[in-house]
2 protein chains.
Amino acid sequence: MTLTNNSKRRKELVSIAARLFFEQGYERTTVRMLADAMGIKSGSLFHHFNDKQEILCAVIQDGMESALEIAGEKLTGVTDPKERFLALARAHLSTLLTDRNAHVVALYEWRSLSEGSLEVLIGMRDEYEQLWQQVIDDCVTSGVLKGDVPLIRRFTLGALNWTVQWYDASGEKTPDDLANALAELIGIQL
Amino acid sequence: MTLTNNSKRRKELVSIAARLFFEQGYERTTVRMLADAMGIKSGSLFHHFNDKQEILCAVIQDGMESALEIAGEKLTGVTDPKERFLALARAHLSTLLTDRNAHVVALYEWRSLSEGSLEVLIGMRDEYEQLWQQVIDDCVTSGVLKGDVPLIRRFTLGALNWTVQWYDASGEKTPDDLANALAELIGIQL
DNA sequence: GTCTATAATAGGATAGAC
DNA sequence: GTCTATCCTATTATAGAC
């Protein structure tokens with residue numbers, strides 16, 4: 001069966017596709033490039049996916065799942081609002097800058113998805129934003145932050161998402177350093 | 001002559017291209033779509049531009065020029081560090097959310113440029129970032145902000161650039177409102 | 001400066017053998 | 001699950017007339 005299966009093989013292929021989509025963008029990546037990187041011929045790709053955009057959908061789904069998973073892990077057992085904010089920011093930068101593929105694609109290639117794929121993924125995106133919303137809401141309620149919660153969430157995520165454009169993994173700063181610096185910028189200090 | 005001329009006609013075409021690139025992205029916009037929107041046949045397009053990517057280069061150059069120009073205007077005569085920060089943030093959001101085309105393309109379609117076009121444009125980008133660097137440096141020097149200047153610049157620009165992804169022009173908030181809110185979030189209040 | 005016509009190729013996708 | 005072979009269409013780009 002070909003339709004949305006979850007075979008181990010398919011997961012490997014999705015992971016390779018994530019890398020290429022991250023490096024060159026979805027539109028500039030051809031099915032032949034994908035097949036090459038996967039070590040198969042382009043025709044064989046369509047045994048695993050119905051079309052090219054289904055590959056993108058799988059990558060983005062994977063990216064959202066990891067983001068949710070890592071965020072959940074890092075928040076577990078943390079109760080202080082400031083610490084929860086920091087944990088979430090670190091989780092976010094970790095999936096963006098360390099894992100470095102699927103989550104980035106999930107953020108930047110949204111527009112290339114077909115209507116159908118969108119529906120499935122919007123729920124996951126909302127769930128992830130809801131996580132941020134709650135954490136920031138706690139900060140505002142406890143007086144750690146001041147202002148409009150959705151706006152703070154969007155500015156924060158914007159600042160974090162944009163790190164993809166300039167972060168140099170071979171530099172001195174770790175993703176955690178960046179998370180700390182952003183928290184400090186908006187007045188969050190432990 | 002066709003090469004990088006600056007005819008009025010060409011400027012019109014660049015402006016139309018900016019709109020399409022903004023709406024659908026560079027790669028998904030075909031030369032036929034461009035020609036259609038311009039009211040000419042696709043063959044005629046190549047009288048004005050040597051190839052498709054030269055159109056992108058022209059759009060990005062236009063975007064950077066307006067950004068620099070508007071920023072310069074809004075900063076003129078403003079001396080207080082806080083006010084300069086606000087003026088620059090407002091200028092930035094104005095070219096991103098009101099003008100809404102070329103500057104956005106300049107930020108988001110960078111990767112589709114060829115090596116050659118890159119060289120010309122990198123200088124303009126650096127100049128624009130230098131403007132931000134100085135304004136933020138003044139804020140840090142005068143004690144309005146605290147922290148690493150390049151990092152603050154990148155977080156700030158990230159938060160602002162990401163507004164493109166979620167801003168709703170038909171909503172209640174104006175671009176100026178957003179600039180104020182961001183300034184407030186990082187502790188800048190007049 | 002724009003048109004028509006068309007070249008040249010790249011891209012996504014399919015069919016059937018192994 | 002992969003290969004070979006191939007189809008079909010979309011796309012960028014050119015040539016020459018008006």
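In what follows, every chain begins at residue 1, and chains take the letters A, B, ... in the order their sequences are listed.
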Exercise. Specify the separation, in whole Å, of atom CG of A:Leu56 and atom P of C:dG12.
Key: 12 Å
Quiz prompt | Integer-rounded Å distance: D:dT2 P and A:Arg10 CZ | solution = 13 Å
Practice problem: Compare side-chain N and O positions of B:Ser44 against OP1 and OP2 of C:dC3 and report whether any pair is under 4.0 Å apart. | Solution: yes
Practice problem: Classify the angle between the aromatic ring planes of B:His103 and B:His92 as parallel (below 30°), tilted (30 to 60°) or perpendicular (above 60°). | Solution: perpendicular
Quiz item: Under the 6.0 Å and 45° cation-pi test, does A:Lys173 pair with A:Tyr167?
Solution: no
Quiz item: For DNA chain D, whose closest nucleotide is more 5', that of A:Leu13 or that of B:Ser42?
Solution: A:Leu13
Quiz item: Looking at the side chain of A:Lys41, which of D:dT4, D:dT12, D:dT2 is the nearest nucleotide?
Solution: D:dT4
Self-check item: Atom-pair distance (CD on B:Glu27; P on C:dG11), nearest Å
Solution: 11 Å
Quiz item: Considering residues, nucleotides and ligands other than B:Gln189, do more than 12 of their heavy atoms fall under 6.0 Å from its CD?
Solution: yes
Quiz item: The side chain of B:Ser7 lies closest to which of these nucleotides: C:dG1, D:dT12, C:dT2?
Solution: C:dG1
Exercise. Figure out the CD1/C1' separation between A:Ile40 and D:dT2, and round it to whole Å.
Key: 8 Å
Quiz item: Think B:His47 has a side-chain N or O under 4.0 angstrom from the OP1 or OP2 of C:dG1?
Solution: yes
Quiz prompt | Side-chain donor/acceptor of B:Ser117 to backbone N/O of B:Leu113, under 3.5 Å | solution = no
Quiz item: Is A:Arg32 side chain donor-acceptor paired with the C:dG11 base, going by distance under 3.5 Å alone?
Solution: yes
